[in-house]
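These notes concern the structure reproduced below.
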Amino acid sequence: MSLNSTGKVDEEERREDVALAAVERQDSREVDEGKGTWKHAAFHVATTIATPAAYAPLPFALASLGWPLGVSSLVGATLATWYSSLLIASLWRWNGKKQITYRHLGESIFGFWGYWSVAFFQQVASLGNNIAIQIAAGSSLKAVYKHYHKEGTLTLQHFIIFFGAFELFLSQLPDIHSLRWVNALCTFSTIGFAGTTIGVTLYNGENMDRKSVSYSVQGSSSLKRFKAFNALGAIAFSFGDAMLPEIQNTVKEPAKKNMYKGVSAAYTVIILTYWQLAFCGYWAFGSEVQPYILASLTVPEWTIVMANLFAVIQISGCYQIYCRPTYAYFENNMLRSKTASYFPLKNCLIRLVCTSIYIVLITLIAAAMPFFGDFVSICGAIGFTPLDFVFPAIAYLKSGRMPKNMELRISVQLLNLAIASWFSVVAVLGCIGAVRFIVEDIKTYKFFHDL
């Protein structure tokens with residue numbers, strides 16, 4: 001009787017353990033599997049790419065290259081990054097395992113060096129992008145402030161600090177998916193910014209003396225070359241998205257199909273905004289256009305204020321997405337320890353300290369060297385060009401997921417090698433141009449200069 005009772009108890013305990021294990025596996029899948037739709041993916045992709053900090057410098061880039069080279073570079077970069085983004089999306093579970101970050105994707109294809117190469121370029125892209133964003137946000141907030149307080153004493157550095165404090169608040173949200181409604185608002189702000197800025201740019205252009213507008217590239221032959229190098233880096237920056245696998249990880253199955261739709265929808269927004277603003281800005285102001293297009297606009301003032309507000313709203317979401325690789329590093333090493341898991345308050349304090357250190361560092365650099373155009377170029381050259389152009393093309397070839405049709409296979413190989421080769425050159429040239437202008441700016445301006 002006791003043996004049977006013991007055996008019955010053991011059998012019941014075994015069944016309970018099996019049931020508990022099944023529940024735990026289900027919970028794990030629910031945590032790990034993405035929950036976002038293709039629309040959420042489109043919001044995230046559009047927010048990370050189509051930002052005022054990215055496409056506001058495009059008229060200046062065209063002015064540095066001239067019409068023929070500028071237009072061809074812009075169109076070529078658009079098509080190349082659209083194609084490269086689809087390649088990255090196609091590598092989701094390419095070896096049967098889910099690649100939850102860009103770094104893990106690099107490791108799965110290229111091994112140890114792939115992981116650390118992607119980690120380096122992604123960190124450069126994130127830091128450079130967020131420095132440029134803080135400068136752009138500070139400039140926009142200062143422009144709004146000056147509209148209402150023309151004799152006000154607050155400087156650009158004050159507004160860079162204000163924006164940093166707001167981003168510290170948003171940084172307490174746990175992950176990218178938790179930002180979906182923020183990024184939805186940011187996407188609509190992108191459209192609002194583009195529409196307002198394009199309209200005001202055309203208005204300013206129509207009311208200028210068109211005979212006084214010059215489209216020739218200014219400066220000596222050596223200066224023209226460095227301007228062209230710098231412009232190539234700025235264009236590469238404008239299509240920067242070093243977070244595609246992280247975004248795809250938030251999307252529910254079928255993740256590939258949803259990501260294809262999300263990327264394509266985001267690039268539709270990009271084409272409708274980037275190209276129009278770039279062409280209109282260069283047409284209106286010619287070679288005198290400013291690195292941040294809003295600085296070239298003068299009337300009507302209320303519309304310029306509205307464009308600046310749209311810009312601040314939009315880039316606040318982009319800033320958050322590019323913080324996430326750094327935050328993830330701290331979380332993986334500190335927040336997910338067994339000790340920390342028992343103390344939720346400790347988790348919050350650790351996150352607050354880590355995010356504060358990151359944002360204080362970015363804010364300090366942005367306030368000390370507010371050279372917006374130069375940071376855009378060097379970030380595009382060193383950070384985004386390898387991740388958005390070179391890596392996707394080579395990774396797709398390396399993964400062995402080539403079409404079976406021989407003619408199509410050869411075409412894809414040639415196209416990928418051409419993209420990787422050309423944009424490797426662009427990365428080197430853009431870096432040279434950006435470093436040269438940063439050195440010149442430091443000679444001209446003092447640290448913490450109020451531009």
Side-chain angles (χ1 to χ4, degrees), residues 47-48 51-54 56-57 122-146 149 152-176 178-179 182-183 185-186 189 193 237 240 242-243 291-292 294-295 308-331 348-376 378-379 383 438 441 445-451:
T47 299
T48 55
T51 71
Q122 193 177 52
Q123 197 60 56
V124 171
S126 298
L127 290 172
N129 182 73
N130 283 348
I131 291 170
I133 281 177
Q134 286 218 219
I135 297 170
S139 300
S140 289
L141 289 172
K142 182 184 175 184
V144 174
Y145 169 74
K146 285 295 185 181
H149 304 279
T153 58
L154 295 182
T155 66
L156 174 62
Q157 282 68 31
H158 287 103
F159 294 102
I160 289 175
I161 293 171
F162 296 156
F163 183 76
F166 176 68
E167 290 300 329
L168 179 60
F169 169 75
L170 287 183
S171 293
Q172 306 316 305
L173 293 173
D175 51 34
I176 291 177
S178 66
L179 294 166
V182 175
N183 289 341
L185 176 62
C186 292
S189 296
F193 172 83
F237 172 88
M243 301 291 293
Y292 191 54
L294 295 182
N308 277 294
L309 291 175
F310 277 133
V312 174
I313 294 171
Q314 203 287 332
I315 57 184
S316 63
C318 179
Y319 187 102
Q320 279 304 305
I321 289 182
Y322 281 103
C323 290
R324 298 299 157 162
T326 305
Y327 294 167
Y329 175 81
F330 288 117
E331 290 171 5
C348 295
L349 290 175
I350 291 174
R351 184 177 184 84
L352 179 61
V353 171
C354 294
T355 54
S356 297
I357 292 172
Y358 178 89
I359 289 180
V360 167
L361 175 64
I362 298 298
T363 302
L364 181 62
I365 297 173
M369 297 186 294
F371 314 135
F372 174 75
D374 301 337
F375 275 112
V376 162
I378 199 165
C379 176
I438 286 177
D441 283 339
Y445 301 108
K446 296 180 180 180
F447 287 112
F448 298 98
H449 186 82
D450 182 23
L451 297 177

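Owing to the predicted nature of the structure, the values given are computational and were not obtained by experimental measurement.
Atom OH of Y319 is separated from atom CD1 of I362 by 5.5 Å, given to the nearest 0.5 angstrom. Note that the OG atom of S171 and the CD1 atom of I359 stand 3.5 Å from one another [nearest 0.5 Å]. Atom CD1 in I161 sits 9.0 Å away from atom CG in L364 (nearest 0.5 Å). Residue I357 holds its CD1 atom at 9.5 Å from CG of L361, rounded to the nearest 0.5 Å. For the atom pair CD1 of I315 and CZ of F310, the computed distance is 14.0 Å after rounding to the nearest 0.5 Å. Rounded to the nearest 0.5 Å, atoms CD1 (I160) and CD1 (I133) are 12.5 Å apart.
Under the side chain to side chain donor-acceptor pair (under 3.5 Å) criterion, Y145 pairs with no residue at all, not counting sequence neighbours. Partners of E167 according to the side chain to side chain donor-acceptor pair (under 3.5 Å) rule, which considers only residues two or more places apart in sequence or in another chain, are Q320. Partners of S126 by side chain to side chain donor-acceptor pair (under 3.5 Å), not counting sequence neighbours: none found.
The heavy-atom pair separating A143 from N308 by the smallest distance is CB-ND2, 3.7 Å. Of all non-hydrogen atoms in S189 and I313, the two that sit nearest each other are OG-CG2, 3.1 Å. Here the closest non-hydrogen pair linking Y292 and A136 is OH-O, 3.8 Å. Among all heavy-atom pairs drawn from N130 and Y358, the shortest one is ND2-OH, 3.0 Å. Closest heavy-atom contact between Q157 and A367: NE2-O, 2.9 Å. Residue N129 comes nearest to Y322 through the heavy atom pair ND2-CD1, 3.1 Å, listed as atom of the first residue, atom of the second, then distance.
Below 30°, between 30° and 60°, or above 60°: for F159 and F162 the angle between ring planes is above 60°, a perpendicular geometry.
Proximity of F169 to T355: side-chain heavy atoms (C-beta onward) are nowhere separated by under 4.5 Å.
Remark: side-chain polar atoms of K142 are not paired, donor with acceptor, to backbone N or O of T155 under 3.5 angstrom. Looking at S140, its side chain never comes within 3.5 Å of a backbone N or O of A137 through a donor-acceptor pair.
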